[in-house]
Amino acid sequence: TMASIKEGKACTHSLFGGFEIPWVGDTAIKLSVDASVMSAIKNANINRVYAIDSSKIHYVFYSKVCTIVFGE
């Protein structure tokens, strides 16, 4: 049932994560670096995965990238 579906989330937070410099690439200073699917599964104690999604928020000096897992 829909009531038993859990949502697990794991996010990476970065300073200056919205910028990329040609030939250099990502300029982010990582504040937390674990946005893995396995961490999202563990965070919600999910045993059976139904769907995986992601969300990204970028500001001038801050970015947040999350992996979201749905299951039971």
Side-chain angles (χ1 to χ4, degrees):
T1 66
M2 291 298 285
S4 65
I5 293 179
K6 300 176 186 176
E7 177 182 327
K9 188 182 281 189
C11 300
T12 297
H13 303 270
S14 304
L15 294 176
F16 307 108
F19 297 104
E20 284 197 17
I21 299 173
W23 303 288
V24 175
D26 188 8
T27 60
I29 298 170
K30 305 291 185 190
L31 302 176
S32 64
V33 294
D34 193 1
S36 69
V37 171
M38 291 306 294
S39 290
I41 290 170
K42 289 177 186 176
N43 289 342
N45 196 25
I46 293 174
N47 295 314
R48 184 178 296 160
V49 174
Y50 295 142
I52 300 172
D53 200 357
S54 65
S55 68
K56 297 177 183 182
I57 299 172
H58 294 287
Y59 298 105
V60 175
F61 295 109
Y62 171 78
S63 66
K64 178 180 176 183
V65 178
C66 296
T67 300
I68 307 162
V69 177
F70 300 93
E72 61 180 51

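Although no hydrogens or angles enter the test, the distance criterion places a donor-acceptor pair under 3.5 Å between the side chain of N43 and the main chain of K9. In this structure, T67 contributes its side chain and V37 its backbone to no donor-acceptor pair below 3.5 Å.
In this structure, K42 has no side chain to side chain contact (heavy atoms under 4.5 Å, CB included) partners at least two apart in sequence or on a different chain. Shown here are the side-chain hydrogen bond (donor to acceptor under 3.5 Å, both in side chains) partners of D34, two or more places apart in sequence or in another chain: S36, S39.
Residues I68 and E7 are in side-chain contact: their nearest non-hydrogen atoms beyond the backbone lie under 4.5 Å apart.
Residues A10 and A40 come closest through the heavy atom pair CB-N, 3.7 Å.
The hydrophobic cluster of V65 has no other members, since no ILVMFWY side-chain heavy atom comes under 4.5 Å of it.
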Identify every side-chain donor-acceptor pair in residues 44-54 under 3.5 Å, counting partners at least two apart or on other chains, and give the distances.
{"residue": "Y50", "atom": "OH", "partner": "E72", "partner atom": "OE1", "Å": "2.4"}

